[in-house]
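One-based numbering, in listed order, for ligands and for the atoms of each.
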Amino acid sequence: MSTHDTDHLHTLITHSGRPDKSVTGAVNPHVVRASTIQFPTTAALYAASGGRHAYGRHGTESAHSLEAALCALEGAQGCLLTSSGLSAVTTTLLALLSPGDHLLMPDSVYQPARHFCDTLLTRMGIETEYYDPLIGADIARLLRPTTRVVYVETPGTHTFEMQDVPAIAAAAHAAGAVVVSDSTWATPIGWRPFELGVDVSIHAATKYIVGHSDVMMGAILCTEALYGKVYQAYREMGQAVSPDDAYLALRGVRTLSARLAVHRENARKVADWLLQQPEVATVLYPPHEASPGHALWKRDFHPDYACGLMGLVFKDTVPMDAVNRLVDQTRLFAIGYSWGGYESLILPSTQARSRELTGHRWNCSMARLHIGLEAVEDLLADLQQGFAALRAAL
Ligand SMILES: *Cc1c(COP(=O)(O)O)cnc(C)c1O
């Protein structure tokens, strides 16, 4: 099904990556399970070899449809699907970096990505330097002739710092480096990363793209200039996703804007309520006017499509033990990692020790909430009785 540049977002979400109208049959792409792809003639074999339709590892219909849909939504030239969000990060960094290169990573980066830099990249002779995520244009001072990649993740994991991506990208490009973004929180419709200077945009599709907590997947979206280089490494590393998983992720895409509208509305009401609780110091939810980072969110992100993930910072008088009581007491908020599904989640969190430069800002008890699609009055009632347990522990 063909889409046009002038189509609105809801139309792209509904129509991109669909089988062409002239092909009669199901609305959705077929799930083709294949290793071998058969060719009728040697001429057809030669024509296909080296391309993306020659062998099952390079994807079949449902994977290629998902790639096309994600490109249309985010405005990318190419998309590559990986086995997890983390493998999208590692594949991209291995594609763009060589021994002797210098990488700039925000101190607020997703922890397993940090671990990859500190272990495998270090072993390969690639130097990672962490920077304050709030650095903005001052990143210019850290750029070296060997800096190949400046990585951004906005907002940051657990601490939700909003980064000035256009300022960072301008400095990076002036020094000949490329900008890689972990765009998971934004989703492919929450911002326009390529218009803000990002060269490669990564998603843990596991989260909102899949949207139902049942598939692990990553997506690497590239500008035309970088697609070839990233694709080469991706292909050499043998990355592949299952056709069934790609089908489920594409099914998730169809309701992305509808789900985010409810996540955003529920999250706003929960943030309002949390801000009224005397034990709460701050709510880290950039779409909310009272949150740190709101001005940058308002400048760079889409006003309608914020997600449901937020951080909760408690006052100094609240020890982690009391936060654990709250977490254990909630009924509708499951305790678990990941986020982006239809359901609410809660996780206790402390960040002081996991940061190299900015840990001193987080000497406090914290929690992370994912606000799902439940009726918000039920979520508020659940939090109310959770806070009663917290208060009883003070
Ligand atoms: C979850 C997450 C990842 C990793 O995704 P997986 O699919 O769990 O490997 C990467 N970046 C961010 C910001 C995430 O939240």
Side-chain angles (χ1 to χ4, degrees), residues 66 70 74 79-94 103 105-121 128 130 133 149 151-163 165 179-188 190-191 193 198 200-221 234 237 239-242 245-246 248-249 252-253 260 263 267 284-286 293 297 301 306-311 334 336-341 343 345-347 349 351 354-355 366-372:
L66 174 61
L70 294 177
E74 198 160 316
C79 173
L80 300 162
L81 302 173
T82 64
S83 57
S84 68
L86 182 59
S87 73
V89 174
T90 60
T91 301
T92 302
L93 292 177
L94 287 173
L103 161 68
M105 277 294 218
D107 204 29
S108 48
V109 71
Y110 179 66
Q111 210 282 333
R114 177 184 206 112
H115 196 253
F116 171 77
C117 296
D118 294 345
T119 54
L120 210 137
L121 287 189
T128 302
Y130 294 95
V149 174
Y151 192 100
V152 295
E153 182 184 321
T154 181
T157 285
H158 282 286
T159 45
F160 295 86
E161 295 92 338
M162 287 298 296
Q163 296 198 253
V165 174
V179 178
V180 173
S181 160
D182 183 329
S183 306
T184 302
W185 188 91
T187 84
W191 70 331
V198 168
V200 180
S201 174
I202 291 164
H203 291 274
T206 309
K207 310 282 168 59
Y208 282 103
I209 293 172
V210 165
H212 295 73
S213 306
D214 51 5
V215 174
M216 303 293 305
M217 195 180 292
I220 307 169
L221 291 132
Y234 169 89
M237 282 189 260
Q239 286 278 6
V241 299
S242 109
D245 287 351
L248 287 171
V253 166
L260 285 184
H263 283 292
L284 305 174
Y285 185 58
W297 179 84
F301 282 59
C307 78
L309 190 75
M310 63 178 69
Y337 294 110
S338 202
W339 42 275
E343 79 290 6
L345 297 168
I346 190 164
L347 203 62
S349 131
Q351 296 302 316
S354 57
R355 304 292 157 91
M366 298 173 71
R368 190 177 72 182
L369 296 177
H370 178 252
I371 308 305

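- Partners of Thr90 according to the side chain to side chain donor-acceptor pair (under 3.5 Å) rule, which considers only residues two or more places apart in sequence or in another chain, do not exist here.
- The main-chain N or O of Asp107 is found under 3.5 Å from a side-chain atom of Arg114 such that the two form a donor-acceptor pair.
- Between the Gln111 side chain and the His115 main chain, no donor and acceptor come within less than 3.5 Å of each other.
- A donor-acceptor pair is defined here as one N or O able to donate and one able to accept, closer than 3.5 Å; such a pair exists between the side chain of His370 and the backbone of Gly340.
- Tyr337 does not carry Lys207 over the face of its six-membered ring by the limits of under 6.0 Å from the centre and within 45° of the normal.
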Under 3.5 Å, N/O to N/O: give me all the pairs between ligand 1 and the protein, one per line with atom names and distance.
from: ligand 1; atom 1: 7 (O); to: Gly85; atom 2: N; distance (Å): 2.8
from: ligand 1; atom 1: 7 (O); to: Thr206; atom 2: OG1; distance (Å): 2.5
from: ligand 1; atom 1: 9 (O); to: Gly85; atom 2: N; distance (Å): 3.1
from: ligand 1; atom 1: 9 (O); to: Leu86; atom 2: N; distance (Å): 2.9
from: ligand 1; atom 1: 11 (N); to: Asp182; atom 2: OD2; distance (Å): 2.6
from: ligand 1; atom 1: 15 (O); to: Lys207; atom 2: NZ; distance (Å): 2.6

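- The aromatic ring centres of His203 and Tyr208 sit 6.0 Å or more apart.
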